[in-house]
Novice: 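Dumping the structure here so I can ask a few things about it.
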Amino acid sequence: EVQLVESGGGLVQAGGSLRLSCATSGFTFDDPAVGWFRRVPGKNHEGVACISSDGDTYYADSVKGRFTISTDDTAKTVHLQMNNLKPEDTAVYYCAATGSGYGSSWYLARFTGFTFWGQGTQVTVSS
C-alpha cells in the first residue's frame with residue numbers, strides 16, 4: 001500500500017520560509033513521480049511543484065524562483081523548500097504521487113496523473 005506522510009507545515013510571517021517533507025513508502029513500480037499540490041477552501045487543487053523519478057522538476061509559475069522541490073539520497077523523502085512566502089501561499093499542502101506509467105514529462109508538466117495522496121498539512125502565511 002502506497003503511503004505518503006507530510007510534515008513541516010505551520011505559521012510563518014510573509015517573507016519567511018518553511019520546508020515541507022513527504023515520506024513515501026509502498027510503491028510497487030519503479031517510476032513514481034511525486035508532487036506537491038495546495039488547496040484553499042472553495043477552490044480546486046493547484047499543482048505547485050513535482051519531481052520525476054529521474055529528477056526533472058516542474059513548478060507552477062506562481063512559485064518559480066521561490067520554491068524548490070528535491071529528494072533525499074534514498075529518493076523516498078521529497079522536500080519542498082518554500083522561501084519568500086506570501087499570504088497568498090496560505091493553503092493546505094498535499095503530497096501526491098503518480099500511478100504507474102504517469103511519470104513522464106507530458107503528465108508532470110500538466111500536474112496530472114497523480115493517484116496517491118497524503119492527508120495534507122496546513123501552511124499559513126501572515127501579512
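In this text, all values refer to a predicted model and were calculated from it rather than measured experimentally.
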Novice: Name the atoms and distances for all side-chain donor-acceptor pairs under 3.5 Å in residues 9-20, with sequence neighbours left out.
Specialist:
| unit_1 | atom_1 | unit_2 | atom_2 | d |
| --- | --- | --- | --- | --- |
| Ser17 | OG | Asn83 | OD1 | 2.9 |

Novice: How long is the gap from OG1 on Thr24 to CD on Gln3, to the nearest 0.5 Å?
Specialist: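 Reported to 0.5 Å precision, the distance equals 10.5 Å.
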Novice: Under 3.5 Å, side chain of Ser52 to main-chain N/O of Gly103, donor-acceptor pair present?
Specialist: no
Novice: Quick check on the hydrophobic clustering: are Tyr94 and Phe114 connected, directly or via other members, by side-chain heavy-atom contacts under 4.5 Å?
Specialist: yes
Novice: How would you list, by chain and number, every residue that makes a side-chain contact (heavy atoms from CB on, under 4.5 Å) with Thr57, sequence neighbours excluded?
Specialist: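 Checked Thr57 against side-chain contact (heavy atoms from CB on, under 4.5 Å); matches are Ile51, Tyr59, Ile69.
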Novice: What are the two closest heavy atoms between Ser127 and Pro87, and how far apart are they?
Specialist: CB-CG, 3.8 Å
Novice: What I'd like to find out is whether the side chain of Tyr58 reaches to under 4.5 Å of the side chain of Lys64, using heavy atoms alone.
Specialist: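 With C-beta onward as the side chain, the pair stays apart.
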Novice: Has Thr98 got a side-chain atom pairing as donor or acceptor with Ala33's backbone, closer than 3.5 angstrom?
Specialist: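 Looks like yes, one N/O pair under 3.5 Å.
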Novice: To the nearest 0.5 Å, how far apart are CZ in Arg110 and OG in Ser105?
Specialist: 8.0 Å
Novice: Is the centre of the Tyr107 ring less than 6.0 Å from the centre of the Tyr102 ring?
Specialist: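 For Tyr107 and Tyr102, the ring centres are under 6.0 Å apart.
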Novice: Check whether the side chains of His79 and Ser21 place a donor and an acceptor atom closer than 3.5 Å, and report yes or no.
Specialist: yes
Novice: Any chain of hydrophobic side-chain contacts (each under 4.5 Å) joining Leu4 to Leu80?
Specialist: no
Novice: Has Thr68 got a side-chain atom pairing as donor or acceptor with Gln81's backbone, closer than 3.5 angstrom?
Specialist: no
Novice: Return yes if some donor-acceptor pair links the side-chain N/O of Arg66 with the main-chain N/O of Asn84 below 3.5 Å, else return no.
Specialist: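 Judged by distance alone, yes, a pair lies under 3.5 Å.
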Novice: Does the pair Cys22 and Trp36 meet the rule for a side-chain contact (heavy atoms from CB on, under 4.5 Å), with working shown?
Specialist: CA-CA 9 Å; Cys22 175; Trp36 288 94; 3.5 Å; yes
Novice: Check the hydrophobic clustering (I, L, V, M, F, W, Y; side-chain heavy atoms under 4.5 Å; chains of links allowed) and say if Met82 and Val34 are grouped together.
Specialist: yes
Novice: List for me each residue that meets side-chain contact (heavy atoms from CB on, under 4.5 Å) alongside Ser62, sequence neighbours excluded, and say none if there are none.
Specialist: Arg38, Glu46, Ala60
Novice: Could you label the plane-to-plane angle of the Phe67 and Tyr93 rings as parallel, tilted or perpendicular, counting under 30° as parallel and over 60° as perpendicular?
Specialist: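 Answer is tilted, since the angle falls between 30° and 60°.
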Novice: Going only through I, L, V, M, F, W and Y residues with side-chain contacts under 4.5 Å, is there a path from Val48 to Phe37?
Specialist: no
Novice: Ignoring hydrogens and angles, tell me if any N or O in the side chain of Glu6 forms a donor-acceptor pair with the backbone of Cys95 under 3.5 Å.
Specialist: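 Checked: pair present.
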Novice: Describe, in one word, how the ring planes of Phe116 and Phe27 are oriented to each other, choosing from parallel (under 30°), tilted (30 to 60°) and perpendicular (over 60°).
Specialist: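 Perpendicular.
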